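Letters A, B, ... are given to chains in the order of the sequence lines, protein chains preceding strands, and every chain is numbered from 1. None of these values were measured; they are calculated from a predicted model. Hydrogens, waters and symmetry mates play no part in the numbers below; they use all other heavy atoms, side chains included.
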Amino acid sequence: MNYFPDEVIEHVFDFITSHKDRNAVSLVCKSWYKIERISRRRVFIGNCYAISPERVIERFPELKSLTLKGKPHFADFNLVPHDWGGFVQPWIEALVKHRVGLEELRLKRMVISDESLELLSKKFVNFKTFVLVSCEGFTTDGLAAIAANCRYLRELDLQENEVEDHRGHWISCFPESCTSLVSLNFACLKGDINLTALERLVARSPNLTSLRLNQAVPLDSLQRILMRAPQLVDLGTGSFLHDPASGASSKLKATLLKCNSIRTLSGFLEVSPRCLTAIYPVCQNLNSLNLSYAPGIHGNDLIKLIQHCRKLERLWILDSIGDKGLGVVASTCKELQELRVFPSDPYGVGNAAVTEEGLVAISAGCPKLHSLLYFCQQMTNAALITVAKNCSNFTRFRLCILDPTRPDPVTMQPLDEGFGAIVQSCKRLRRLSLSGLLTDQVFLYIGMYAEQLEMLSIAFAGNSDKGMLYVLNGCKKLRKLEIRDCPFGNAALLMDVGKYETMRSLWMSSCEITLVGCKTLAKKMPMLNVEIINDEDDIAPSSEDIPIVGKMYLYRTLVGPRKDAPWFVEIL
Amino acid sequence: MSPENLNQSPDSDVGSLNFEETRLTLGLPGVECRGCKSGVKRGFSETVDLNLGSSSSGCGGGDDDKRSSGENDVLDSAKPPAAKAQVVGWPPVRASRKNAMKSCKYVKVAVDGAPYLRKVDLEMYNTYQQLLSALEDMFSCFTIRNYLNERKIMDQVNGVEYVPTYEDKDGDWMLIGDVPWKMFVESCKRLRLMKSSEAIGLAPRTPSKNSSTS
């Protein structure tokens, strides 16, 4: 390849789009590194503290699209204190300062302020795509700035963010000249929205294919919107409630009959079973259905709906569907690839309506299934072994038994054998979450068989340091390991310190590691930031003088300890 | 934190549950860690206990909380705990999803001096007045007195005045009525009818109109 001129190699590299592949390509030789770096337009930074914005900008002068991730995954479950970090402002300031022609920004678990939003909206003239997932720190005023200033905005996608809602007017800030919208998702906003402005915005956006509304958008407004946008492919309804006597349901049904491009359906933040029948016209072509936010729909109504959805590839649903309902899914949805079953009572333990039976039925009926998130009441080894036999294609397998230390209820044994069967059978498994009563044995299996595993989540499992060691020694492709409430201590932590440089991050909370152990690790590995998060909720230091660490988060980094750590974070 | 709820013996594990067969032991032999193991591996049940212990402080009837909840008593033996109390971050469901799932909002109501608690579903009401009327019905010896926009509850029999308060998401005790109703419903974790004589630090809501409480 060295005999080709650079332009040819660059042209070849244009076909290499995945960032993993481009990273690999850049390591081949100096010349390829150089060509790759000047042609790269999309950069993915999995941990915003692993590198500085200046170095990214310097290496990739053609940067157009940036993806950043901030807080560790367990922040989703309130395990990370609020002001821990993940601020995007320094990145935006650096991009502005170096006049990067940013067109796309995707952020996950980061903190972004209204000031950042305003700066971004004014300084990046060609800004087109903005995706925020699980972010916080901003209000609808910041969104107003985006709407008002980003002239060529195509995509504004807000997923599960915490936004302070100052009510409604931000959508009116899209100027009349803005006709470029392709995707608009504001389902996570809690406040009212100016419905007239919304309907007019939709009317002047002929390229709009994805629209996800929030709960403040009533059914009649949805019907008017659909009249204007029959080309929609992805629809998220707002409130799906109406007075049955009003005829709104049949009107909506008629409108939906004209929307024959809809392939993805979500929303239903408020819904009643009778209203649900209005969507039957679109069910037969649906690829993706998310009813996981629809409270109070009984299993039987869900079953009736599912029976219309023969082409479903992705289904997110509540456990109120029951084992029986999952049986119907198994016999109807033969194309199913991804299933998520969420608990309808997330505060309760022992109230889930699905058990191992539902999962076994799905595994038997859906040969293409490869991604699973399943909250359930109980699980048995026999069921897991059957699932492993039926479905060896899993790439993501996340099982959450609501009582996390529950053994197999039939045999009273730990679930080691069941999960062992999963990892042995699913050779392409990349992500795994465990629960139930588990001993070190399950980790022996994981270390032995889970060769492609990249992310592992463990809670309330294991007996000793051996468990963690099996995983660290065996899983060569491990990138993210998150552990809570397990009896793993310093011996496991310190056995192979070099391992952590091959990983993105390690989280350990409520385990048995001590401050001395963490300090030892930090000293040996200067390329790691070892953060001790001193939460109020932690175990008080013991009477002995070596305190156990409540929460530790370590990650590899090229730029040393971060300067924005709050007072309760100690970087060793 | 309630350290007294922790089972202090370092080798015993799941204190309140009969899990002898599945008892998990700790530590590798010969590892120096033995000396620096200063805590106990907390099983799920103990973590639940800790939370119950800490959340029952500050309202009438600490131990009664565990019993009177009526649901799945965590002290049941032999079966896996089906406790209603929450361990931080378990089950691993995002906060936004948890909030969306609340279709009813039952909160405990404690009255200073009463031997047991009641529960009300805040979703059933649309205004503070409706809620206070319901409390009036529930604790039928009380009437609600509206002193110039101040909401108080009076026990007519013994002449004791009560001030309705609530514990919010941050764990702070607040006077009822300051925030919009919906905001209150979202953030209220429990109610307490506090004796006026104890409500000294809570300033009157409309200072221009009222004399001070207690």
* Side-chain donor/acceptor of B/W90 to backbone N/O of A/A459, under 3.5 Å ->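 Looks like no, no N/O pair under 3.5 Å.
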
query: Hey, which of A/S134, A/S435, A/S292 has the most heavy atom pairs under 4.5 Å with chain B?
result: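 Sorted descending by pairs with chain B, the first entry is A/S292.
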
Exercise for review: Apply side-chain contact (heavy atoms from CB on, under 4.5 Å) to A/L269 and list each qualifying residue two or more places apart in sequence or on a separate chain.
Suggested key: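 A/L269 satisfies side-chain contact (heavy atoms from CB on, under 4.5 Å) with A/Q215, A/Y293 once adjacent residues are dropped.
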
| Partners of A/L444 by side-chain contact (heavy atoms from CB on, under 4.5 Å), sequence neighbours excluded? |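 Only A/Q441, A/M448, A/Y470 meet the side-chain contact (heavy atoms from CB on, under 4.5 Å) criterion with A/L444.
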
- Query: Which pair of non-hydrogen atoms, one from B/V88 and one from A/R484, has the smallest distance, and what is that distance?
  - Reply: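 Looking at all heavy atoms of both residues, the shortest contact is O-NH1, 2.8 Å.
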
- Given that the side chain runs from C-beta out, which part of A/F488 has a heavy atom under 4.5 Å from chain B: side chain, backbone, both or neither?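 Neither; nothing under 4.5 Å.
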
Between B/P92 and A/D76, is any pair of side-chain heavy atoms under 4.5 Å apart?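 B/P92 does not reach A/D76 side chain to side chain.
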
ask   = Below 4.5 Å, heavy atoms only, C-beta onward: do A/C188 and B/S96 meet side chain to side chain?
value =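 No; the side chains remain at least 4.5 Å from each other.
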
| said: What's the separation between atom CD in A/E162 and atom CZ in B/R94, rounded to the nearest 0.5 Å? | reply: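 Rounded to the nearest 0.5 Å, the CD-CZ separation comes out at 11.0 Å.
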
- Query: Going from NZ on B/K98 to CG on A/N78, what distance comes out if it is rounded to the nearest 0.5 angstrom?
  - Reply: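 The distance works out to 7.0 Å.
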
